[in-house]
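Predicted, not measured: the structure shown is a model, and the values here were computed from it.
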Amino acid sequence: MSGFVEKPEPLEVPGLVHLHTGKVRDLYQNEAGDLVMVASDRMSAYDWVLPTEIPDKGRVLTQLSLWWFDQLTDLVPNHVLSTELPEGAPADWQGRTLVCKSLRMVPVECVARGYLTGSGLAEYDESRTVCGLALPEGLVDGSELPAPIFTPATKAEVGEHDENVSYEEVARRTGADTAARLRQATLAVYSRARDIARERGIILADTKFEFGFEGDELVLADEVLTPDSSRFWPADQWQPGRAQPSYDKQFVRDWLTSAESGWDRKSEQPPPALPQQVVEATRAKYVEAYERLTGVRW
């Protein structure tokens with residue numbers, strides 16, 4: 001069992017219909033049929049949405065996504081229509097809300113990996129492959145791959161694991177043409193972002209994208225290249241053969257699995273509230289990632 005420790009009640013806003021509450025985002029639809037996506041300060045770890053929020057997290061994710069969308073417009077169109085607050089929306093939605101196109105979403109997590117770690121490393125250690133793609137011998141945790149690879153996954157419900165699948169499985173589910181377009185777009189966007197991040201002293205180890213269709217046009221959707229959807233490592237601390245320091249929720253994961261938390265990850269008990277020092281350290285990491293990538297003070 002996993003999911004929300006306590007699922008929040010959606011806010012009622014005149015003119016908006018609540019569609020879905022995800023791990024981080026709440027999704028509404030306005031009277032024009034556009035989607036209104038609101039990034040909360042919720043934090044998830046180990047398939048649980050935690051009882052403690054990280055202040056400013058939703059705004060950091062939203063503003064960083066907007067910055068990246070601007071860097072990528074010549075490669076792929078995106079779903080953003082407006083950042084204006086819908087009439088009647090609470091003031092707290094400011095800076096964390098996007099009005100977006102309603103797309104036919106592709107039910108695939110489009111993952112690009114330039115470095116070996118996480119679930120890719122686990123598969124590599126067993127079979128020298130990732131999502132069925134053969135890789136050379138001698139790679140370790142944190143190794144740079146010979147070239148970026150497309151390693152898709154199926155999108156899971158809240159509380160479930162995304163499942164890595166082969167490219168052939170994506171082609172079977174979506175059609176060969178769509179699968180080829182997803183792979184091409186994913187690797188093009190990853191390569192552009194990797195180079196931009198590298199100039200700023202950050203390694204983009206891997207990331208996941210979501211795409212949808214507007215007519216026949218493939219459109220980049222959801223969040224993009226944030227610490228929630230990507231592994232960012234400080235380049236000056238990169239050392240293959242060990243777990244890398246990262247700009248993400250690592251402080252949260254480390255505390256939850258420490259003796260101090262008193263939580264047994266294998267139990268069905270929900271995780272406890274986070275202590276203030278973990279909240280502050282995690283917020284600082286998200287803000288640092290934003291500032292280093294964009295060059296803008298938070």
Side-chain angles (χ1 to χ4, degrees), residues 2 23 44-47 68 106-157 159-174 179-180 182-198 202-211 220 222-235 237-250 252-254 257 265 285 289:
S2 53
K23 289 181 181 178
S44 66
Y46 300 119
D47 297 319
W68 278 114
V106 182
V108 174
E109 295 274 7
C110 293
V111 180
R113 301 176 192 267
Y115 293 75
L116 188 63
T117 194
S119 62
L121 175 66
E123 182 184 333
Y124 173 83
D125 286 344
E126 284 187 5
S127 61
R128 296 297 182 263
T129 64
V130 177
C131 288
L133 298 173
L135 293 175
E137 292 284 340
L139 301 180
V140 295
D141 193 355
S143 289
E144 184 171 10
L145 301 177
I149 57 175
F150 176 60
T151 59
T154 55
K155 190 168 173 59
E157 294 299 314
E160 301 295 328
H161 285 291
D162 293 344
E163 181 183 352
N164 292 348
V165 294
S166 67
Y167 176 76
E168 289 72 24
E169 176 64 15
V170 173
R172 188 186 70 78
R173 293 185 183 202
T174 68
L182 291 173
R183 179 168 61 183
Q184 187 278 328
T186 296
L187 294 176
V189 172
Y190 170 81
S191 297
R192 168 74 61 81
R194 174 201 59 196
D195 294 347
I196 290 172
R198 188 176 286 161
I202 290 178
I203 289 172
L204 174 58
D206 56 40
T207 191
K208 64 180 178 181
F209 304 115
E210 292 195 38
F211 292 93
L220 186 57
D222 200 54
E223 66 178 323
V224 61
L225 295 156
T226 72
D228 269 15
S229 65
S230 317
R231 282 189 177 92
F232 292 119
W233 299 336
Q237 298 177 54
W238 176 53
Q239 187 179 322
R242 63 171 174 85
Q244 312 299 316
S246 57
Y247 293 97
D248 62 8
K249 57 186 80 170
Q250 198 58 48
V252 172
R253 294 192 194 99
D254 290 347
T257 54
R265 182 182 166 190
K285 271 294 171 199

Of all heavy-atom pairs between [X] and [Y], which one has the smallest distance, and what is that distance?
X    : Y    : result
G118 : R231 : CA-NH2, 3.5 Å
W68  : A197 : CH2-N, 4.5 Å
S44  : K249 : O-NZ, 2.9 Å
G142 : W233 : CA-CH2, 3.8 Å
L182 : C110 : CD2-SG, 3.9 Å
A171 : A179 : CA-CB, 3.6 Å

key: Audit row: F150, V111, side-chain contact (heavy atoms from CB on, under 4.5 Å) steps and yes/no   = CA-CA 6 Å; F150 176 60; V111 180; over 6 Å; no
We want to know whether [X] and [Y] form a side-chain donor-acceptor pair, criterion being a heavy-atom distance below 3.5 angstrom.
X    : Y    : result
S246 : D248 : yes
E169 : S166 : no
S119 : R113 : yes

Quick one: does any side-chain atom of [X] pair with a main-chain N or O of [Y] as donor and acceptor, under 3.5 Å?
X    : Y    : value
E210 : V106 : no
Q244 : R242 : yes
Y190 : K208 : no

remark   = The reported gap from NZ in K285 to OH in Y247 (rounded to nearest 0.5 angstrom) is 5.0 Å
task = Find the distance between CD (Q237) and CD1 (I203) and round it off to the nearest 0.5 Å.
result = 10.0 Å
Show me the donor-acceptor pairs, under 3.5 Å and distance only, between side chains in residues 128-141 and residues at least two apart or in other chains.
unit_1 : atom_1 : unit_2 : atom_2 : d
R128   : NE     : E137   : OE1    : 2.9
R128   : NH1    : Y124   : O      : 3.0
T129   : OG1    : E123   : OE2    : 2.9
T129   : OG1    : S127   : OG     : 2.6
D141   : OD1    : T117   : OG1    : 2.8

Quick one: side-chain hydrogen bond (donor to acceptor under 3.5 Å, both in side chains) partners of [X], sequence neighbours excluded?
X    : result
T257 : none
D254 : Q250
T207 : S230

ask   = Could you walk me through whether L121 and E126 pass the side-chain contact (heavy atoms from CB on, under 4.5 Å) check?
value = CA-CA 9 Å; L121 175 66; E126 284 187 5; over 6 Å; no
task = State which residues pass side-chain contact (heavy atoms from CB on, under 4.5 Å) with A153; sequence neighbours excluded, sorted by chain then number.
result = E109, D162, N164
request  = Please identify each residue that fulfils side-chain contact (heavy atoms from CB on, under 4.5 Å) with E144, with sequence neighbours left out.
outcome  = Y115, R198, W238
request  = Begin from the C-alpha positions of L225 and F209 and carry the test side-chain contact (heavy atoms from CB on, under 4.5 Å) through to its verdict.
outcome  = CA-CA 8 Å; L225 295 156; F209 304 115; 3.9 Å; yes
